[in-house]
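See below for the structure under consideration.
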2 protein chains.
Amino acid sequence: MLVAARSDNGDAAKTATDFRMGRQVPTAIQTAADIRPAAEALRDIARDLGNFRVAACANIASRSPMTDADGNVLASGVFGWPATKEQWWQKPLLALSSPLTFACRYENEPFWANAHGIHTRAPNPLLDQIDLSLFQGEVNANAVICVPVHMSFGQIAAISFSPFNDKRDDLSKEFDLYSDQLEYHARRFVHGYTRVSSQRPWIPKNCRLSKREVECLRWAAVGKTDVEIALILERSCATVRFHIHNAAIKLEAVNRSQTVFKATQLGYLGNVAAVMVPHPQIEAQVAAK
Amino acid sequence: MLVAARSDNGDAAKTATDFRMGRQVPTAIQTAADIRPAAEALRDIARDLGNFRVAACANIASRSPMTDADGNVLASGVFGWPATKEQWWQKPLLALSSPLTFACRYENEPFWANAHGIHTRAPNPLLDQIDLSLFQGEVNANAVICVPVHMSFGQIAAISFSPFNDKRDDLSKEFDLYSDQLEYHARRFVHGYTRVSSQRPWIPKNCRLSKREVECLRWAAVGKTDVEIALILERSCATVRFHIHNAAIKLEAVNRSQTVFKATQLGYLGNVAAVMVPHPQIEAQVAAK
DNA sequence: GCAAAACCTATGACTAGCGATAGGTTTTTC
DNA sequence: GAAAAACCTATCGCTAGTCATAGGTTTTGC
């Protein structure tokens with residue numbers, strides 16, 4: 001079956017059908033029993049594309065290694081990491097170590113990295129300060145392609161593809177050729193893994209925060225006290241508390257920390273730290289009190 | 001140029017090269033000047049694939065409409081929403097209205113929806129309670145394909161594709177055929193848009209939270225007081241405060257709310273609400289005090 | 001247009017919890 | 001062994017949370 005290539009004149013969309021030929025994506029996971037075959041598929045795709053070895057961390061905040069339905073660790077059981085290197089399961093941050101983990105927090109798209117730098121599709125100044133001096137020791141590779149996966153409830157996963165048994169330290173060509181597909185399969189894999197292995201996350205009952213509630217919460221999230229928020233919004237301290245308390249009830253939270261946490265997880269606060277402008281006048285007023 | 005089709009035997013990866021033929025993805029944005037052409041590309045892809053009209057919200061927590069480099073609103077200027085419907089820019093939640101916005105908070109992958117239900121690639125019970133009784137009125141379409149985009153710093157975007165000038169209310173076939181590519185282009189577009197239009201987000205200087213700091217923060221985030229955390233961890237209240245205070249310093253936060261906020265944004269806390277198990281004994285001890 | 005629901009605003013008193021500060025000890029790591 | 005990390009005790013002032021109450025405005029649905 002041959003598929004016509006596209007031209008660059010707006011027919012790009014029409015070739016989408018070969019993107020996922022057939023109904024079944026090998027890396028997708030529907031049930032726990034799919035984990036291992038999906039991991040094997042991801043491993044094979046990575047090998048086929050660039051002789052990469054996969055390192056996958058479903059939740060960079062967690063120390064749990066990814067396992068299949070029978071509890072076998074995928075890193076050694078499927079992805080081919082030697083059992084002697086298994087120490088990193090106790091410290092998953094080491095393999096997807098500090099530099100990569102950091103980059104995954106701040107970058108939405110795949111990137112490749114080596115000791116000389118982190119190479120993204122578009123410049124991301126946030127990554128400039130990441131210290132790569134110990135790259136090889138921390139990452140166990142000279143270069144790596146890494147796919148950050150930002151998910152619901154604030155969960156971040158990271159999947160890396162490093163050269164298997166070779167010394168490549170420039171993956172720019174492979175990155176250009178394969179990053180989209182590596183990203184696609186990594187995301188499908190991690191989404192499915194997270195879905196089948198998570199316990200049921202919390203969800204409030206059809207809550208809908210009001211504009212005022214969100215506004216007050218945002219200011220609270222960036223560290224303002226009730227008094228400060230009141231001055232900013234030109235409302236009383238009691239009103240601010242009232243709104244925050246209402247938000248807490250709706251989010252089924254018991255205090256402000258939990259309220260902020262849940263609101264952040266659900267994207268109510270957005271990228272608020274970048275847009276909230278300090279109020280020099282209000283700060284002077286607070287200081288005068 | 002013809003590209004051989006793949007079989008189902010592990011050659012899937014090899015057809016990746018036609019996934020993004022050439023170096024330039026039309027929906028990718030490198031500079032603000034790219035916004036409009038990228039939006040036009042997204043519009044055209046959506047039209048070509050399924051005669052869809054695009055509605056895009058870069059940050060569901062924000063009321064700002066997406067605009068090009070000259071400040072023109074993309075919805076009316078590019079995506080073809082009639083100017084008379086422009087009211088929804090003041091209330092972006094209406095177009096990507098409550099049901100869809102809610103679903104985007106809880107779902108990582110594309111889905112399609114109509115008044116009868118929300119149809120995901122894999123069952124997501126979290127979406128079951130979403131009220132779709134007013135679907136048509138709120139979404140302005142009988143059915144819609146929607147792509148949630150979870151990004152760094154807890155930002156969530158949503159891009160919907162609804163039938164343009166027709167009454168389709170079952171998009172399951174289009175969804176199966178095109179959801180991957182719609183997702184791909186939507187994500188590229190939104191990532192680029194967010195990158196070029198955001199002010200510089202905050203970033204702490206190479207911070208690295210310790211295990212204890214994260215542990216204490218997690219419990220704080222789920223609403224436990226210092227006393228409760230101390231009992232849970234079998235440490236003193238002061239130690240708990242010490243660790244949380246350390247985390248605050250590293251995250252450059254002024255109080256607990258901001259600390260929790262930043263830690264959540266950066267994925268330090270993960271999907272913690274699902275894994276923290278209540279401690280009935282500690283709660284009894286606290287009650288006894 | 002009207003009634004109900006949702007949202008907004010405010011008060012005051014009290015207490016629980018958090019933040020800052022100070023100083024010290026113990027454990028872990030190199 | 002030294003330095004760093006983790007842990008501990010204590011105090012005090014500030015902030016957040018609670019409670020009960022009151023009233024007004026806006027939005028929604030019929």
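Order of the sequence lines fixes the chain letters, A, B, ..., with proteins taken first and strands second; residue numbering starts at 1 for each chain.
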To the nearest angstrom, how far is [X] atom [atom1] from [N] atom [atom2]?
X: A:Lys224; N: D:dA16; atom1: NZ; atom2: P; value: 12 Å
X: A:Ile249; N: D:dG17; atom1: CD1; atom2: C1'; value: 11 Å
X: B:Glu213; N: D:dA4; atom1: CD; atom2: C1'; value: 13 Å
X: B:Glu234; N: D:dC8; atom1: CD; atom2: P; value: 10 Å
X: B:Asp226; N: D:dT11; atom1: CG; atom2: C1'; value: 15 Å
X: B:Glu228; N: C:dC18; atom1: CD; atom2: C1'; value: 14 Å
X: A:Leu217; N: D:dA16; atom1: CG; atom2: P; value: 13 Å
X: A:Ile229; N: C:dT9; atom1: CD1; atom2: C1'; value: 16 Å

Is the shortest side-chain heavy-atom distance between [X] and [Y] below 4.5 Å?
X: B:Thr259; Y: B:Val254; value: no
X: A:Cys104; Y: A:Phe111; value: yes
X: B:Leu233; Y: B:Cys216; value: yes
X: A:Glu107; Y: A:Leu126; value: no
X: B:Phe52; Y: B:Leu171; value: yes
X: A:Val240; Y: A:Trp219; value: no
X: A:Val73; Y: A:Trp81; value: no
X: A:Ile156; Y: A:Ile60; value: yes

Residues two or more places apart in sequence or in another chain: which of them pass salt bridge (charged side-chain N to carboxylate O under 4.0 Å, His left out) with A:Arg241? A:Asp226
Which residues share a side chain to side chain donor-acceptor pair (under 3.5 Å) with A:Asp169, sequence neighbours left out: none
Output all residues satisfying side chain to side chain donor-acceptor pair (under 3.5 Å) with B:Glu213, sequence neighbours left out; order by chain, then residue number. B:Ser210, B:Lys250
Compute the bend angle of the helix from C:dG1-D:dC30 to C:dC30-D:dG1 from the end axes (five pairs per end), rounded to 10°. 80°
Would you say B:Lys250 places a side-chain N or O within less than 4.0 Å of OP1 or OP2 belonging to D:dA5? no
Assign A:Thr239 to base, sugar-phosphate, or nothing according to its heavy-atom contacts below 4.0 angstrom with the strands shown. base
B/S/- contact track for nucleotides 22-30 of chain C, protein heavy atom under 4.0 Å: ---------
Among [options], find the nucleotide with the atom closest to the side chain of [X].
X: A:Arg212; options: C:dG19, D:dG17, C:dC8; result: C:dC8
X: A:Ser210; options: C:dG19, C:dC7, C:dC8; result: C:dC8
X: B:Thr225; options: C:dC7, D:dG17, C:dG17; result: C:dG17
X: A:Arg235; options: C:dT9, C:dG19, D:dA6; result: C:dT9

First of B:Ser257 and B:Cys237 reached from the 5' end of DNA chain D, by closest nucleotide: B:Cys237
What's the shortest heavy-atom distance between B:Tyr106 and B:Asn124, and which atoms? O-ND2, 3.1 Å
What residues from residues 240-247 of chain A pass a heavy-atom cutoff of under 4.0 Å to DNA chain D? A:Arg241, A:His245
